[in-house]
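Data block below; observations after.
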Amino acid sequence: AQSVAQPEDQVNVAEGNPLTVKCTYSVSGNPYLFWYVQYPNRGLQFLLKYITGDNLVKGSYGFEAEFNKSQTSFHLKKPSALVSDSALYFCAVRDVTTGGFKTIFGAGTRLFVKA
Amino acid sequence: NAGVTQTPKFQVLKTGQSMTLQCAQDMNHEYMSWYRQDPGMGLRLIHYSVGAGITDQGEVPNGYNVSRSTTEDFPLRLLSAAPSQTSVYFCASSPRTGPSSYNSPLHFGNGTRLTVT
């Protein structure tokens, strides 16, 4: 079965420092991976997605993600964190084994950026 | 272009009551879905639809019904609410279905927070 795991419930960083939010995946076939962000009382917003062949993916708000096939990881990164980056982040995978109609989400990682 | 619109934003029900959560999108998206979000569990798929007249079950369909009579609307019905259905519900859509859609992201509404007492 397709799945994603986010091993950290919470990540704390200081403003200006680099941040990493971790995600590992388990898929059959090619992985279709996504990162979403959720701000308080809002729906999820798309940040970026993995495109075959590009191991470093750039997305919205200065975020990027590094795809590592050997480690089955898709970690979200940002070189310099902002207080406004504080939010809930979800890694997700499209389940192509069932026709691609289902997106499976990780449990989420809460990011706190301290001024 | 409003995107995905969900109503109401908040709702309190008593056990056994019924209600319908509304979802509408104005992007002509084929695919629509309902998720529930619970702390520590991420989002879990309840039901989805790949076009008008076509619906299917997701991971946690029990206690919920859906229908898709138009491309724009995808309501979620709770027939007899239970405290276990206390959650935040999100509607999401995407443009296409099939292999060409595998890397299409979902577009989410702002959610409905439901409490069942």
Side-chain angles (χ1 to χ4, degrees), chain A residues 1-10 23 25 27-54 57 59-60 65 67 74 87-110, chain B residues 2-7 9-10 21 23 25 27 29-51 54-61 68 88-113:
Chain A
Q2 318 261 74
S3 65
V4 291
Q6 295 181 243
E8 301 156 317
D9 291 335
Q10 184 171 310
C23 173
Y25 65 89
V27 302
S28 302
N30 294 326
Y32 293 85
L33 298 162
F34 302 82
W35 276 102
Y36 292 85
V37 60
Q38 184 181 30
Y39 298 103
N41 300 313
R42 300 296 298 273
L44 280 68
Q45 296 176 31
F46 167 69
L47 272 181
L48 52 78
K49 63 184 179 184
Y50 171 64
I51 300 171
T52 303
D54 295 330
V57 180
S60 306
F67 173 76
F74 189 54
L88 187 56
Y89 291 82
F90 290 96
C91 183
V93 64
R94 182 68 62 92
D95 185 357
V96 300
T97 63
T98 56
F101 302 129
K102 303 176 183 178
T103 297
I104 298 167
F105 288 84
T109 299
R110 191 166 296 280
Chain B
V4 179
T5 303
Q6 290 184 239
T7 57
K9 287 185 169 55
F10 302 94
L21 281 63
C23 175
Q25 53 91 8
M27 298 173 284
H29 285 176
E30 289 182 359
Y31 177 87
M32 297 185 74
S33 56
W34 279 101
Y35 285 85
R36 59 178 289 173
Q37 181 181 19
D38 301 292
M41 302 189 73
L43 279 77
R44 292 180 292 168
L45 182 64
I46 304 171
H47 285 286
Y48 66 93
S49 169
V50 299
I54 307 169
T55 63
D56 207 344
Q57 296 181 349
E59 183 186 358
V60 288
R68 183 105 178 262
V88 181
Y89 291 85
F90 288 100
C91 181
S93 70
S94 71
R96 295 175 298 277
T97 58
S100 65
S101 73
Y102 288 170
N103 62 2
S104 294
L106 293 170
H107 298 250
F108 283 84
N110 283 332
T112 295
R113 185 174 295 274

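Every chain is numbered from 1 and lettered A, B, ... according to where its sequence line falls, protein lines coming before strand lines.
The shortest distance between side-chain heavy atoms of B:Arg113 and A:Asn41 falls below 4.5 Å. At a threshold of 4.5 Å between non-hydrogen side-chain atoms, the residues A:Leu88 and B:Gln37 count as touching. A 4.5 Å side-chain heavy-atom check between A:Phe101 and B:Asp56 finds every atom pair outside the cut-off.
Annotation: the span from B:His107 atom NE2 to A:Phe46 atom CZ amounts to 8.5 Å, rounded to 0.5 Å.
Looking at B:Leu45, the atoms closer than 4.5 Å to chain A (heavy atoms on both sides) all sit in the side chain, from C-beta outward. Heavy atoms closer than 4.5 Å to chain A are found in the side chain of B:Phe90, but not in its backbone. Residue contact with chain B, scored on non-hydrogen atoms closer than 4.5 Å, is absent for A:Gln6.
Across all their heavy atoms, B:Gly40 and A:Ala107 have their closest contact at O-CB, 3.5 Å. Closest non-hydrogen pair, B:Tyr48 versus A:Lys102, comes out as CE2-CE, 3.9 Å. The minimum heavy-atom distance between B:Asn103 and A:Lys49, with the atom names listed, is O-NZ, 2.8 Å.
Among A:Asp95, A:Val96, A:Asn30, the one residue that satisfies the side-chain contact (heavy atoms from CB on, under 4.5 Å) test with B:Tyr102 is A:Val96.
The environment of CG in A:Asp54 is crowded: more than 12 heavy-atom neighbours from other residues, nucleotides or ligands sit within 6.0 Å.
At least one donor-acceptor pair under 3.5 Å links the side chain of A:Tyr36 to the backbone N or O of B:Leu106.
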